[in-house]
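Sequence positions, counted from 1, serve as the residue numbers for this chain. All figures in this text were calculated on a predicted structure; none of them were measured in a lab. Atoms within each ligand, like the ligands themselves, are counted from 1 in listed order.
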Amino acid sequence: MKVVLGVSGGIAAYKACELLRLFTESGHEVRVVPTREVLRFVGEPTWAALSGNPVTADVWDDVHEVPHVRIGQRADLVVVAPATANTLAKAAHGLADDLLTNTLLTARCPVVFAPAMHTEMWQHPATRANVATLRERGAVVIDPAVGRLTGADTGPGRLPDPAEIFQVCLRVLRGRPRDLAGHKIVISAGGTREAIDPVRFIGNRSSGLQGYALARTAVARGAEVTLVAANVSLPDPAGAAVVRVGSTAELREAVLAASEKADAVVMAAAVADFRPASRHESKIKKTDGEPDPIHLTKNPDILAELGRLRREAGAGPRVIVGFAAETDDVLANGQAKLARKGCDLLVVNQVGEGLAFGTPDNAATVLVAGGEPVEVPRGPKDDVADAVWDLVAPRLS
Ligand code: CTP
């Protein structure tokens, strides 16, 4: 595929070198189109050597090849990373004063922007309006990550991990529809932990891979994603707002708060059904006799609560999706759970045989309230996630 990597003038440009390598090493032909400003951060020889293609920021070079039109016309994907506030503004208003902005006007392929800037610039009403305009026109604008910025300050504005931007681009290149654009989606991922004492907990084997795949694919399909992650040690998916939690109580609070304004909620987290009735304030010591039993108490069922709130108050997310890992009587148990929890879709996994926990692949049966079950064949968790969105998207429109 022919990829145009637009790079605009931020310090995060050095991370675009890594993104460029990911594209070239996976067989894509990349033409780098920098702005004049970014060449002060990372010079032309770096972009030319890494891409194996000539590099210019100017419309006046190689005029006989009409580059200001050709590069955009030939592209299968244009990704601008980092995209500065200035580049976003020019793109939103159709200005064309350098090769990159000309390319953006002539491209008819999907366009992905990965903004990086200081928090104040990202939150400024002018930038918010420009981002909204670009999204309305169908561009994918990946929300910046939260973290350390240039200098001592922290906040939203960091360029996401290049590997994660690359994943979004691959999904966009695969031609998935942008059918979640304009929708707010909450996804829970990972597994909750319930403290026994300051050093021990009751937990489960969920890695968070399926929840993160749901977040990554939803971003590529245009959604605004809040990812509530319980004890997950994976890199943040580009473009998702990540809220970190530990226990079921924390997960419940974060999910319910984010769900108030959400269009869909997907509970992919493995939630502990029980917690110790009391938490020891200090570490439990070995004693000579029999150990004291740990008494358990029930945790609230968050999925069922979401369903109940919607039923009783008539408010809340339009689509509620649950997950269930089952070992026996998979379909019968799943159907009963779908009804009990009051959700619209239940993604049922059979556990075992190299599937589910910690593995890259998954297979599922999606049970549909009032409809026929849908089989999702074994495949990468991103594909399973897309199959879930294929069922969610029509229910949102
Ligand atoms: N779930 C939840 N709150 C809980 C337990 C589970 O929100 N306290 C959600 C999970 O995130 C998942 C779905 O409910 O989406 C099904 O989880 P599962 O553990 O399979 O359901 P249980 O009701 O606990 O059923 P089981 O008796 O099979 O454990």
Side-chain angles (χ1 to χ4, degrees), residues 185-195 201-215 218 226-232 243-260 262 264-277 296-311 316-317 319-352 355-357 362-369 373 376 381 384-385 387-389 391-392:
I185 295 185
V186 178
I187 299 161
S188 70
T192 58
R193 290 178 183 175
E194 306 298 342
F201 59 83
I202 297 174
N204 61 69
R205 293 175 52 201
S206 176
S207 62
L209 283 168
Q210 185 62 69
Y212 274 47
L214 282 157
T226 301
L227 176 63
V228 182
N231 309 297
V232 181
V243 182
R244 281 174 217 292
V245 296
S247 65
T248 300
E250 289 166 8
L251 183 87
R252 176 178 171 274
E253 202 181 313
V255 166
L256 292 183
S259 298
E260 276 176 23
V265 178
V266 181
M267 284 292 294
V271 183
D273 289 326
F274 304 101
R275 66 178 187 278
L296 298 177
T297 183
K298 246 189 179 165
N299 267 331
D301 187 323
I302 305 162
L303 183 60
E305 192 171 346
L306 285 166
R308 198 168 53 245
L309 282 172
R310 183 173 64 170
R311 220 171 30 248
V319 181
I320 301 176
V321 184
F323 268 68
E326 302 284 348
T327 51
D328 316 291
D329 290 333
V330 176
L331 286 188
N333 279 332
Q335 288 290 2
K337 203 171 276 184
L338 176 76
R340 193 166 71 237
K341 306 253 186 178
C343 48
D344 305 291
L345 302 170
L346 189 75
V347 186
V348 187
N349 299 124
Q350 174 139 27
V351 186
L355 298 172
F357 297 121
N362 204 357
T365 305
V366 185
L367 304 180
V368 179
V376 183
K381 286 183 173 171
V384 174
V388 173
W389 299 130
L391 292 166
V392 170

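Using a 4.5 Å heavy-atom cutoff, the side chains of Leu346 and Lys337 are in contact. Residues Leu214 and Phe323 meet the side-chain proximity criterion, which asks for heavy atoms closer than 4.5 Å. Side-chain contact between Leu367 and Gln335: present, with at least one pair of heavy atoms (C-beta onward) separated by less than 4.5 Å.
Contacts of Ala264 classified as side chain to side chain contact (heavy atoms under 4.5 Å, CB included), with partners at least two apart in sequence or in another chain: Ile185, Val319, Val392, Leu396.
Sorted by chain then number, the residues whose non-hydrogen atoms approach ligand 1 to under 4.0 Å are Met267, Ala269, Val271, Asp273, Pro300, Asp301, Ile302, Leu303, Gly322, Phe323, Ala324, Lys337, Arg340, Lys341.
Of the N and O atoms on the side chains of Gln210 and Asn349, not one donor lies less than 3.5 Å from an acceptor on the other residue.
Between the side chain of Arg244 and the main chain of Ala230, no donor-acceptor pair closer than 3.5 Å is present.
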